[in-house]
Amino acid sequence: MNFVYRVAEFFQGRYGIDKLCYLLIGIYCALCFLNIFIHSLIITIIALIIAAIAIYRVFSRNIAQRQREAQIFEGFFDKIKYFFQTITQRVRQSKAYCFHRCPHCKAKLRLPRKRGKHTVCCPKCRQDFKMRVWF
Ligand SMILES: [Zn+2]
């Protein structure tokens, strides 16, 4: 038998690498890079624990549990991604639009940027409120 076949046979039925594993490896590398300058035993131990978790996840045969962990991580990761996408969109549109919350229903509103006092009708709750755009 050749080596590649044996490796493929070894990995059969094991979980493998996913996004969470890439994140753990990234954190491990960042901590190792940081430890070049700090020389801390605690950071070394934390980095080794993170590496051990990543290796354990890759070789684990409990695929259902690993998939549940990956789902939780991806839900959390999607929230962070959405947060930064929203900020990026707001910065890009900040010249033409201003962003306010409705004081009644707390809905986020994107309004055209025109200086002065305005009466705004919220499209969700249909209530009017006054606001001022300074610049
Ligand atoms: Zn409203």
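Everything numeric here is computed off the predicted structure, so don't read it as measured data. When a ligand or atom number is given, it counts from 1 through the structure's own listing order.
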Are F33 and I45 joined in one hydrophobic group, where the rule is that I, L, V, M, F, W and Y side chains link up if heavy atoms are under 4.5 Å apart?
-> no
Which residues pass the salt bridge (Lys or Arg N to Asp or Glu O under 4.0 Å) test with E74, sequence neighbours left out?
-> none
Look at the N, O or S atoms of H104, main chain and side chain alike, and state whether any lies under 2.8 Å from the Zn ion (ligand 1).
-> no
Inspect the contact between R6 and E9 and indicate whether a charged nitrogen and a carboxylate oxygen are less than 4.0 angstrom apart.
-> no
According to a 4.5 Å side-chain heavy-atom criterion applied to Ile, Leu, Val, Met, Phe, Trp and Tyr, with indirect links allowed, do F84 and F76 form part of one hydrophobic cluster?
-> yes
The SG(C105)-the Zn ion (ligand 1)-SG(C102) angle, to 10°, is 110°
Compute the angle centred on the Zn ion (ligand 1) spanning SG of C122 and SG of C125, and express it rounded to 10 degrees.
-> 110°
